[in-house]
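The next block holds one structure in the form of structure tokens; read it before the comments.
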Amino acid sequence: MEEMPGVVSLTRVESFSAAHRLHSVHLSEEENRLEYGKCNHANFHGHNYKVEVTMRGEVSERTGMLINLVDVKRYLKEAVMDQLDHKNVDLDIQYFRESDKTSSVENMCVFIWEQLYAVMEKEGNQGKLHKVKLWETEKNCASYKGKQPLIS
């Protein structure tokens, strides 16, 4: 009987600071105030975010690694840190500035996934990206695993 290869997960954590405003173009000013409360403040508010990026796959016999952490650090720098650290998400990030997407922790998590996927795809490593988890506060976080069928 042939053994199935084992799957390993590897997670890298980074932190960044950014400002945003929870405001939906689909709601009136009053609805936005009621829905988002103080997070709808016109002059924005900030967070010290923590992002966890998990890779998943088989360990290479040749290297003993799932993926080189030097590469993961570089991917995170290009896809996350250079784009989001000390930025205003709504004003500085084209993805939010030029769309109707609210800069919620959920949408930011999807944004980070898409940015990482694109950076990793250049080197053929996108298939190792398993999950992005974004902590907005010590108590609030969102996770995203890419486009998958919804289970009802």
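Note on residues 124-138: no pairs pass salt bridge (Lys or Arg N to Asp or Glu O under 4.0 Å), not counting sequence neighbours. Sorted by first and then second residue, the pairs that involve residues 87-106 and meet ring pair (Phe, Tyr, Trp, His ring centres under 6.0 Å), not counting sequence neighbours, are Y95-F111, F96-F111. Residue pairs satisfying the salt bridge (Lys or Arg N to Asp or Glu O under 4.0 Å) criterion with at least one member in residues 99-109, sequence neighbours excluded, are absent. For residues 59-86, the salt bridge (Lys or Arg N to Asp or Glu O under 4.0 Å) pairs, not counting sequence neighbours, are D71-R74, R74-E123, K77-D82, E78-K122.
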| request: Tell me, with the steps shown, if V7 and R56 meet side chain to side chain contact (heavy atoms under 4.5 Å, CB included). | output: CA-CA 7 Å; V7 175; R56 187 171 177 189; 3.1 Å; yes
| query | Which is it for M55 and M120 under the side chain to side chain contact (heavy atoms under 4.5 Å, CB included) test, yes or no, and what are the steps along the way? | reply | CA-CA 11 Å; M55 306 295 164; M120 294 175 71; 3.5 Å; yes
| query | Stepwise, does the side chain to side chain contact (heavy atoms under 4.5 Å, CB included) test hold for L10 with L69? | reply | CA-CA 9 Å; L10 178 70; L69 279 172; 3.8 Å; yes
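Summarising the geometry, atom OG belonging to S103 is positioned 10.5 Å from atom CG belonging to L84; distances are rounded to the nearest 0.5 Å. Here the NZ atom belonging to K145 is positioned 11.5 Å from the SG atom belonging to C109, to the nearest 0.5 angstrom. Atoms CD and OH, from Q115 and Y75 in turn, are 15.0 Å apart once rounded to the nearest 0.5 Å. The distance from the CG atom of L91 to the NE2 atom of H20 is 12.5 Å, given to the nearest 0.5 Å. Between the CG atom in L34 and the CD atom in E31 there is a gap of 8.0 Å [rounded to 0.5 Å]. The OG1 atom of T102 sits 12.5 Å away from the CE atom of M108 when rounded to the nearest 0.5 Å.
With sequence neighbours left out, E14 forms a side-chain contact (heavy atoms from CB on, under 4.5 Å) with R12, V51, L76, M81. The side-chain contact (heavy atoms from CB on, under 4.5 Å) test applied to E98 returns Q94, not counting sequence neighbours. Not counting sequence neighbours, the partners of E30 by the salt bridge (Lys or Arg N to Asp or Glu O under 4.0 Å) test are R33. Annotation: side-chain hydrogen bond (donor to acceptor under 3.5 Å, both in side chains) contacts of S9 (sequence neighbours excluded): none. S15 is linked by a side-chain contact (heavy atoms from CB on, under 4.5 Å) to K50, counting only residues two or more places apart in sequence or in another chain. Partners of E121 by salt bridge (Lys or Arg N to Asp or Glu O under 4.0 Å), not counting sequence neighbours: none found.
Here the closest non-hydrogen pair linking L134 and V105 is O-CG2, 3.5 Å. Contact between H47 and H45 at its shortest, heavy atoms only, is NE2-NE2, 3.2 Å. Minimum heavy-atom separation, W113 to H130: CZ3-O, 3.4 Å.
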Let me have the donor-acceptor pairs involving side chains of residues 36-44, under 3.5 Å, with sequence neighbours excluded, atom names and distances please.
residue : atom : partner : partner atom : Å
N40     : ND2  : L22     : O            : 2.8
N40     : ND2  : H23     : ND1          : 2.9
H41     : ND1  : N43     : N            : 2.9

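Two different hydrophobic clusters hold W135 and V89 under the rule that ILVMFWY side chains link at heavy-atom gaps under 4.5 Å.
Inter-residue side-chain proximity for L27 and E35 is flagged as met; some heavy-atom pair is nearer than 4.5 Å. Looking only at side-chain heavy atoms (C-beta outward), N32 and S24 come within less than 4.5 Å of each other. Looking only at side-chain heavy atoms (C-beta outward), V53 and T11 stay at 4.5 Å or farther from each other. Using a 4.5 Å cut-off on side-chain heavy atoms (C-beta onward), D90 and R97 make no contact.
Through side-chain heavy atoms spaced under 4.5 Å, either directly or across other Ile, Leu, Val, Met, Phe, Trp or Tyr residues, V59 is tied to V8.
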